[in-house]
Number of protein chains: 4
Amino acid sequence: MIVTRTDVTVELVKHSATDSDVATAARVSTIGGSHERVVDLASDTGLINYLMRDRHGSPFEHTSFTFYIEAPLFVAREHFRHRAGWSYNEESGRYKELQPVFYTPGPSRNLVQVGKPGRYTFEPGGAKLQAQTTTALHTAYEDAYQAYSGLLEAGVAREVARMTLPVGIFTSYYATCNARSLMHFLGLRTITQISKFPSFPQREIEMVAERMEDHLAERMPITYTAFNRNGRVAP
Amino acid sequence: MIVTRTDVTVELVKHSATDSDVATAARVSTIGGSHERVVDLASDTGLINYLMRDRHGSPFEHTSFTFYIEAPLFVAREHFRHRAGWSYNEESGRYKELQPVFYTPGPSRNLVQVGKPGRYTFEPGGAKLQAQTTTALHTAYEDAYQAYSGLLEAGVAREVARMTLPVGIFTSYYATCNARSLMHFLGLRTITQISKFPSFPQREIEMVAERMEDHLAERMPITYTAFNRNGRVAP
Amino acid sequence: MIVTRTDVTVELVKHSATDSDVATAARVSTIGGSHERVVDLASDTGLINYLMRDRHGSPFEHTSFTFYIEAPLFVAREHFRHRAGWSYNEESGRYKELQPVFYTPGPSRNLVQVGKPGRYTFEPGGAKLQAQTTTALHTAYEDAYQAYSGLLEAGVAREVARMTLPVGIFTSYYATCNARSLMHFLGLRTITQISKFPSFPQREIEMVAERMEDHLAERMPITYTAFNRNGRVAP
Amino acid sequence: MIVTRTDVTVELVKHSATDSDVATAARVSTIGGSHERVVDLASDTGLINYLMRDRHGSPFEHTSFTFYIEAPLFVAREHFRHRAGWSYNEESGRYKELQPVFYTPGPSRNLVQVGKPGRYTFEPGGAKLQAQTTTALHTAYEDAYQAYSGLLEAGVAREVARMTLPVGIFTSYYATCNARSLMHFLGLRTITQISKFPSFPQREIEMVAERMEDHLAERMPITYTAFNRNGRVAP
């Protein structure tokens, strides 16, 4: 009756974002803007490295990425905390009946938390715990969705009936950002060896971040390389 | 085992917000700021009415309200969509075990939705539906919290176990805003006869908004009166 | 020695902005996002009119316009006051020698201000006053630029020498915004008969706004029509 | 006829900002908010150091500082580029006649720029250059203000006459920020040995920043110490 997923969807719907956009905007500072705009990769690379290192962030804002995302609601909650340079539109539990699609951790998702707050690490927990977790989540999701359906059938408004639905349910949304706000998001929502500052994101939002990161790397390779070289600190 | 609530908590933790703050900031435009700052209620009233009517919003930003709020998670989700001029810190389901406190609609909360999207109205639904809803929600909440507790006992991380918890659970958060962002919020999240633009907020976030509105009315009466006179359109 | 201009430059450098972007983002609320995205002009028009009227602003944010602008410095100062949804990069008086290009009012620019604050209107002032103003500005600009050049020749840093330069000097900048922030700008920085709220922009920033408005009208005609029909109040 | 100043004015008009505000907001994550709020300096210090180091910035936003500032217009231009968490109201050259108060560099202000873009240093330049600069600025300011006065006397609108006025003229404004946006400003607009990232602000905006820094140090000493210990990188 219900569907479970162990992955997320991140689709790049459209974009207006190149390394050259950054370099062009930055050059207005030093040579004005009335010159011919040319793509000069060597020169762009040096300039973008400089901007990243000295934290001149505004040139990276003249770019735009629009993503379509399907993720559990607890991921959307964390995502929407990012305010500066982000725009969102999300599926509404008031305007539509929510579908019975729920998240369960896949086999590679570590389930046991070790250590103290702010310094947690995670360990697998074993096949038995994995099975127990999956079963418990599945049952909880089924019970909840049954309660939801029951209330809807009884004539209760969607916005009331949804109170039963767990944060493991999938939601869908559009998110638009620029390269600066995207790098800020990636710096906080991924775990890497090269990060200058530590972050401890929940694995599920990191799954969203990793997919977005692929798009940044593909569309703005010079910026992406400079971001990594700079310890993944957004400018 | 679980606790249900039909109300929300909104506490004004601290504030730095008077009508005089608005008038002082506005006067810098026309007479500079090096004059003695005096409170002149009659003059302030005229000035604030003018600012509101002609949508000069920035003077209202030199004010600050910090609220402590307890509300269901689905309300927090709507609240946190307000980005400009709002700051939030919320209880974390990753860092603490969430308490079994859940929302159920009170007797005056209409449960049946009539009309079409964007133009909904709500009707009571009757005592029987009310009882059925309360029971169904209570059962769903109990089942969900039992699943949550079971997973925690089995050693599963809080951030995974919480996937079972419904959006009807209570959360707590601090929210800081200024008078301009607060009026924008009130304009969208309350239903009144005098609003120039229609809004269709869910009743539960309106309950939060109404309590905040009391504080605005008390602390900044001139601004509040001008806001209402202006059709509750934030400047 | 100096150059004077009576106009401004507004060039649409790039954009990712269609009416369909708005409708697609809005529809995720009611039907989710996993459907095929199709362009349906009739349906989009109704939806966009509804969003504008009921002030659902966020769907308009999934769009992007990047402009290159040449305008007097006093215009840039007003433009940069727009914070939400705007990004800027400007020519720097610290990093480059500023060029001797200055603004003088053209023949159609009314020079005499009548009425009281917040309700000013402007009248021509006559040919003689026009000539006197042009001459006085030209002389002041020449004197100022000569002082600037003299200080530079003496070895004084650009950032110090520029203190002599008047706000009538031209600057150049890139500005990126979305359709929502652009409409907000247009609502405040133009004067029209159909505006629901009065605005009293300086003519020179209105010249910039009018040129931007042409681009909005061309790229997003449904949105633009709905904006005008809604009294030019940004959603 | 004109007045020159070599300093700036920064007055803390009001504030709602303590270290305890930060700690209280942060603790809602881990223990919820319904506990008694107590000031515990030892515990606050550890918590604030942790927040700063791991870049948890949002708790610092539940604070508010309102400053009144008098500074040259070229400083205000740089200040107003700070958008996130800043609100401004400035003296208007359209609504009031601007006063003849202008900035000249004081004896300790180095006038000669050495090195290449992004890596400038400044050297004194000598007494003779200092005198020459002061004289040249004074003359330029007098000429400009005379042109301004002449146009006003001829009946030209203030907004047109002001085109003659140089960016060395003083302006006045109110600026409201929170501790996070203030630290971000300080990190970019001061030069210190302990900064983890280099910055190259113009001396005159650094003068404003230094005065604001004194107020942060006085009102939020734990936060201020943690900021310095963290290489002056805002969280």
Side-chain angles (χ1 to χ4, degrees), chain C residues 72-74 76-78 80-84 86-88 90 92-96 102-105 109-114 117-118 120 122 125 129 132-133 136-137 139-141 143-144 146-148 150-151 154-169 200 202-204, chain D residues 72-74 76-78 80-84 86-88 90 92-96 102-105 109-114 117-118 120 122 125 129 132-133 136-137 139-141 143-144 146-148 150-151 154-169 200 202-204:
Chain C
L73 202 144
F74 64 87
R77 292 225 321 135
E78 293 190 333
F80 288 26
R81 294 300 307 277
H82 294 258
R83 295 159 297 172
W86 284 91
S87 297
Y88 305 99
E90 189 190 2
S92 165
R94 300 182 70 207
Y95 290 129
K96 74 183 283 285
F102 295 90
Y103 177 78
T104 53
R109 207 295 191 193
N110 292 345
L111 296 176
V112 178
Q113 172 177 288
V114 183
Y120 293 130
F122 282 81
L129 190 65
Q132 182 182 350
T133 301
L137 287 174
T139 304
Y141 292 155
D143 290 350
Q146 202 160 0
Y148 176 63
L151 284 167
V156 171
R158 286 186 295 266
E159 68 179 34
V160 174
R162 70 160 166 181
M163 296 174 191
T164 57
L165 292 175
V167 298
I169 198 168
F200 303 94
Q202 182 156 348
R203 175 58 193 151
E204 282 76 19
Chain D
L73 203 144
F74 64 85
R77 291 221 328 132
E78 293 191 334
F80 288 26
R81 294 299 309 275
H82 294 257
R83 295 159 296 171
W86 284 91
S87 296
Y88 305 98
E90 188 190 2
S92 165
R94 302 182 68 208
Y95 291 129
K96 74 183 285 282
F102 295 90
Y103 177 79
T104 52
R109 208 293 191 197
N110 292 345
L111 296 176
V112 178
Q113 171 178 289
V114 183
Y120 292 130
F122 282 80
L129 190 65
Q132 182 183 349
T133 301
L137 286 174
T139 304
Y141 291 155
D143 290 351
Q146 203 161 357
Y148 177 61
L151 284 167
V156 170
R158 284 186 294 267
E159 68 180 37
V160 174
R162 68 158 167 183
M163 295 173 191
T164 57
L165 292 175
V167 298
I169 197 169
F200 302 94
Q202 182 156 347
R203 174 58 194 153
E204 283 75 21

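A note on names: the letters A, B, ... follow the listed sequences, proteins ahead of strands, and every chain is numbered from 1.
Scored by the salt bridge (Lys or Arg N to Asp or Glu O under 4.0 Å) test, D/R162 finds C/E78 as partners (sequence neighbours excluded). The side chain to side chain donor-acceptor pair (under 3.5 Å) check on D/Y88 picks up nothing, with sequence neighbours excluded.
Contact between C/T133 and D/L151 at its shortest, heavy atoms only, is CA-CD2, 3.8 Å. Of all heavy-atom pairs between D/R203 and C/E159, the closest is N-OE2, 4.4 Å.
Put simply, the side chain of C/V156 does not reach to within 4.5 Å of the side chain of D/V112, judged on heavy atoms. Two residues are said to be in side-chain contact when any heavy atoms from C-beta on lie closer than 4.5 Å; D/R81 and C/R83 fail this criterion. When side chains are defined from C-beta on, D/T164 does not count as touching C/V167, because their heavy atoms never get closer than 4.5 Å.
Among the candidates C/I169, C/V114, C/L129, the residue making the largest number of heavy-atom pairs closer than 4.5 Å to chain D is C/L129. In terms of heavy-atom pairs under 4.5 Å with chain C, the best-connected choice from D/A157, D/A136, D/A140 is D/A157.
Using a 4.5 Å cut-off between heavy atoms, D/P72 does not touch chain C at all. Only the side chain of D/E204 comes within contact range of chain C, with at least one heavy atom under 4.5 Å from a heavy atom of that chain. Both the backbone and the side chain of D/S87 come within contact range of chain C, each with at least one heavy atom under 4.5 Å from a heavy atom of that chain. For C/F122, the part lying under 4.5 angstrom from a heavy atom of chain D is the side chain only. Both the backbone and the side chain of C/A154 have a heavy atom closer than 4.5 Å to some heavy atom of chain D. For D/F102, no part lies under 4.5 angstrom from a heavy atom of chain C. Both the backbone and the side chain of D/L111 come within contact range of chain C, each with at least one heavy atom under 4.5 Å from a heavy atom of that chain.
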Worked verdict on D/V160 versus C/Q113 for side-chain contact (heavy atoms from CB on, under 4.5 Å):
CA-CA 10 Å; D/V160 174; C/Q113 172 177 288; over 6 Å; no
Check against side-chain contact (heavy atoms from CB on, under 4.5 Å), D/R77 and C/L73
CA-CA 10 Å; D/R77 291 221 328 132; C/L73 202 144; 3.6 Å; yes
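Atom-to-atom distance recorded for D/T139:OG1 and C/D143:CG is 10.5 Å, nearest 0.5 angstrom.
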